[in-house]
Participant: 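So that we are looking at the same thing, I have put the structure below in structure tokens.
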There are 2 protein chains.
Amino acid sequence: MNSPRRDPLQALHPLDLQQRVPFNPQARVCMDCGVRRFALFGVLDAEELQHIHYHIADITLEPGQPLYMASDHGTAAYTVREGVVRLERSSERGERRIVRLAGRSSLVGLEAMLGQTYAADAVACTTVRACRLPRMLVDELAREQPGLLRDLMKRWQGALDEADEWLTELSAGSARWRMLRLLLKLTEYDEPDGRIWLPTRQEMGAMLGMTIETASRLVSALKREGVIDTPDVRHARIDMPALLEAIRLEAAG
Amino acid sequence: MNSPRRDPLQALHPLDLQQRVPFNPQARVCMDCGVRRFALFGVLDAEELQHIHYHIADITLEPGQPLYMASDHGTAAYTVREGVVRLERSSERGERRIVRLAGRSSLVGLEAMLGQTYAADAVACTTVRACRLPRMLVDELAREQPGLLRDLMKRWQGALDEADEWLTELSAGSARWRMLRLLLKLTEYDEPDGRIWLPTRQEMGAMLGMTIETASRLVSALKREGVIDTPDVRHARIDMPALLEAIRLEAAG
DNA sequence: CGAAAACTTGATTAGCATCAAACCAGGTGG
DNA sequence: CCACCTGGTTTGATGCTAATCAAGTTTTCG
């Protein structure tokens with residue numbers, strides 16, 4: 001069900017050699033995409049990708065720029081190819097709360113596939129590269145390849161699991177516990193060199209339901225304890241055994 | 001797309017009169033179900049209901065009895081027909097946290113449709129009546145009637161919205177704010193006579209991330225203030241204007 | 001370089017947890 | 001029928017955690 005073997009060193013693109021289908025520039029771009037295997041179109045093979053008749057915009061965002069806003073009438077979902085996106089809502093108290101993060105190969109804005117408005121604001125935390133998948137495109141591909149629907153449902157369930165985890169591990173317990181769990185979660189979005197993105201104190205506060213002062217104190221303490229090290233202000237290196245031990249202690253204490 | 005007109009006073013059942021299809025006892029039960037219109041099979045018409053070849057068990061649970069456990073290998077989803085079910089997980093600290101409630105016409109255990117284990121324990125809070133929908137049945141009906149898949153996806157999105165709301169309104173802010181928001185949420189599960197189910201202090205604590213003592217103090221205070229009245233220990237009557245006013249004040253203060 | 005933004009640190013306070021004890025309703029069995 | 005027990009609830013006294021208020025310090029950027 002997955003893509004045919006590929007050889008990046010080959011001079012001619014395998015699509016042209018192995019398949020007698022008209023050349024489709026969008027399909028080639030998707031075939032070459034580093035996250036395709038883990039992204040929504042991972043279930044589609046080269047032939048099926050040829051059927052893409054819509055433009056898939058490649059979007060780049062700088063930190064703080066929105067991918068979409070909750071009020072928008074959604075017409076597309078987005079696959080995150082690089083960087084971290086935060087999904088945030090404002091509570092009726094007027095506070096902003098980050099309810100989830102999305103990293104490499106995550107699909108956000110699924111609700112647009114149902115013709116609904118977005119359920120949250122999606123804002124870039126780091127430099128973000130994303131693909132815009134118009135609803136019409138997904139509908140069309142889903143008709144031809146029902147496996148895509150199953151994948152979509154799995155992603156919904158994945159988002160739900162994520163939300164439940166935030167409720168149980170990131171929204172309850174002592175401030176220190178929540179911070180430790182956040183650092184553990186951030187390792188899921190680590191970069192090739194092993195460093196992780198370190199959110200602003202504001203963002204940490206919005207994720208963990210604490211003030212920026214408390215977040216700052218906790219980060220400082222963990223630096224002193226050697227659990228994390230911050231080569232630069234927006235990145236950290238984690239001493240994983242120390243982090244796990246700290247979590248274990250916090251759960252016991 | 002929806003069900004044909006029905007007249008409950010008619011002596012002969014409309015299925016027999018209007019449709020030349022073999023009689024199917026399960027289909028008749030479903031046609032007569034009070035929540036069908038709002039439940040998963042609301043998108044199916046009488047004819048399509050005839051295609052049900054699986055037994056849909058009718059389940060009754062007393063408070064505290066589990067519908068399923070998180071470790072179970074899920075083979076069915078459940079439509080709640082009456083009562084309130086809580087979805088709860090235990091955190092790695094060993095605490096139990098209620099992450100969502102499901103009432104009349106909610107569908108729980110959707111993840112079983114993907115062949116996964118359940119993501120949480122589902123436990124009856126009140127006397128609960130539910131229908132067990134085997135995965136095979138849903139798969140089969142979805143093949144014949146793709147509209148069902150869309151409905152399923154809407155329910156996933158609905159659960160996600162619910163989870164996000166719990167994160168923003170029920171897991172952050174002062175203890176009083178969270179309690180007031182919980183009471184507001186509980187009005188969604190109100191009974192015909194306008195009373196609402198009042199959870200145990202334990203349950204309130206597990207939903208709002210507070211101790212049973214704090215929950216008890218808050219409930220007592222709200223009774224003194226006249227925001228709620230408790231005709232019996234497991235039910236409350238809410239003075240809605242007073243509740244909304246209290247919420248407004250708490251958001252401002 | 002200077003201003004703004006983000007972060008850190010300290011002192012004080014408010015809110016909630018904890019510990020402890022009484023209270024109450026509903027069953028059970030003598 | 002009442003004494004008794006049990007599990008849930010309420011209330012009080014005390015202490016700790018994290019919010020708040022208030023300066024500083026560092027970083028960023030025009």
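Each chain gets a letter, A, B and so on, in the order its sequence line appears, and its residues count up from 1.
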Participant: Could you list by number each residue of residues 219-227 of chain A showing a heavy-atom separation from DNA chain D of less than 4.0 Å, or answer none if no residue does?
Facilitator: none

Participant: Quick one: side chains of residues 107-117 of chain B, donor-acceptor pairs under 3.5 Å with protein atoms, not counting sequence neighbours, listed by atom name and distance.
Facilitator:
| unit_1 | atom_1 | unit_2 | atom_2 | d |
| --- | --- | --- | --- | --- |
| B/Glu111 | OE2 | B/Ala119 | N | 2.8 |

Participant: So do A/Cys30 and A/Ile56 actually touch side chain to side chain, heavy atoms under 4.5 Å?
Facilitator: yes

Participant: With sequence neighbours excluded, what pairs up with B/Ala70 under the side-chain contact (heavy atoms from CB on, under 4.5 Å) test?
Facilitator: B/Asp121

Participant: For B/Glu82 and B/Thr127, what are the C-alpha separation, side-chain angles and deciding distance, and is it a side chain to side chain donor-acceptor pair (under 3.5 Å)?
Facilitator: CA-CA 8 Å; B/Glu82 204 57 60; B/Thr127 298; over 6 Å; no

Participant: Restricting to pairs with a member in residues 99-122 of chain B, which pass ring-ring contact (aromatic ring centres under 6.0 Å, His included), not counting sequence neighbours?
Facilitator: B/Tyr68-B/Tyr118

Participant: Got a sec? Which of residues 87-94 of chain B come in under 4.0 Å of DNA chain D, heavy atoms?
Facilitator: none

Participant: Hey, what bend do you get for the helix from C/dC1-D/dG30 to C/dG30-D/dC1 if you fit axes on five pairs at each end, rounded to 10°?
Facilitator: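 One end's axis against the other's: 30°.
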
Participant: Could you tell me whether B/Gln202 atom CD has more than 12 heavy atoms of other residues or ligands within 6.0 Å of it?
Facilitator: no

Participant: Between B/Glu88 and B/Arg96 (salt bridge meaning N to carboxylate O under 4.0 Å), is one present in this structure?
Facilitator: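 Looking at B/Glu88 and B/Arg96, the cut-off is met.
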
Participant: For the pair B/Arg178 (side chain) and B/Leu208 (backbone), establish whether a donor and an acceptor sit closer than 3.5 Å, ignoring hydrogens and angles.
Facilitator: yes

Participant: Reading DNA chain D in the 5' to 3' direction, which nucleotide is the first one with an atom under 4.0 Å from a heavy atom of chain B, and which is the last?
Facilitator: D/dT9 to D/dA13

Participant: Between the side chains of B/Glu191 and B/Arg234, is the shortest nitrogen-to-carboxylate-oxygen separation below 4.0 Å, so that they form an ion pair?
Facilitator: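 No salt bridge links B/Arg234 with B/Glu191.
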
Participant: List in chain and number order the residues that pass side-chain contact (heavy atoms from CB on, under 4.5 Å) with B/Leu249, two or more places apart in sequence or in another chain; answer none if no residue qualifies.
Facilitator: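 Scan of B/Leu249 (side-chain contact (heavy atoms from CB on, under 4.5 Å), adjacent residues dropped) gives B/Glu245.
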
Participant: Which residue in the set B/Arg100, B/Lys185, B/Gln157 passes side-chain hydrogen bond (donor to acceptor under 3.5 Å, both in side chains) when paired with B/Glu162?
Facilitator: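 With B/Glu162 as partner, B/Arg100, B/Lys185, B/Gln157 yield a single side-chain hydrogen bond (donor to acceptor under 3.5 Å, both in side chains), made by B/Lys185.
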
Participant: Provide the full list of ring-ring contact (aromatic ring centres under 6.0 Å, His included) pairs with a residue in residues 189-230 of chain A, sequence neighbours left out, each pair given once.
Facilitator: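 Pairs touching residues 189-230 of chain A that pass the test: none.
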
Participant: Can you check the A/Met179 CE to C/dT8 C1' distance for me, whole Å?
Facilitator: 13 Å

Participant: Can you tell me how far C1' of C/dG26 sits from CZ of B/Arg234, to the nearest Å?
Facilitator: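 It works out to 13 Å between those atoms.
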
Participant: For nucleotides 15-22 of chain C, tabulate all protein N/O to nucleotide N/O atom pairs closer than 3.5 Å, reporting atom names and distance.
Facilitator:
| unit_1 | atom_1 | unit_2 | atom_2 | d |
| --- | --- | --- | --- | --- |
| C/dC16 | OP1 | B/Ala175 | N | 2.7 |
| C/dA17 | OP2 | B/Thr211 | OG1 | 3.2 |
| C/dA17 | OP2 | B/Thr214 | OG1 | 2.3 |
| C/dT18 | O4 | B/Arg217 | NH2 | 2.9 |
| C/dC19 | N4 | B/Glu213 | OE2 | 3.2 |

Participant: In chain order, what residues pass the side-chain contact (heavy atoms from CB on, under 4.5 Å) check against A/Arg217, with sequence neighbours excluded?
Facilitator: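 side-chain contact (heavy atoms from CB on, under 4.5 Å) list for A/Arg217, sorted by chain: A/Glu213.
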
Participant: Could you check whether B/Val233 gets within reach of a base, just the sugar-phosphate, or nothing at all, counting any heavy atom under 4.0 Å?
Facilitator: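 No contact.
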
Participant: Tell me every residue that passes side-chain contact (heavy atoms from CB on, under 4.5 Å) with B/Arg93, counting only those two or more places apart in sequence or in another chain.
Facilitator: A/Glu169, A/Ala172, A/Trp177, A/Ala251, B/Ser91, B/Glu95

Participant: In whole angstrom, what separates A/Leu198's CG from C/dA6's P?
Facilitator: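 Going from A/Leu198 (CG) to C/dA6 (P), I get 15 Å.
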
Participant: Please report the closest heavy-atom contact between B/Val123 and B/Gly64, naming both atoms and the distance.
Facilitator: CG1-O, 3.4 Å

Participant: Starting from C1' on C/dC7, measure out to NE2 on A/His235 and report it in whole angstrom.
Facilitator: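 For the pair A/His235 NE2 and C/dC7 C1', the rounded distance is 18 Å.
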
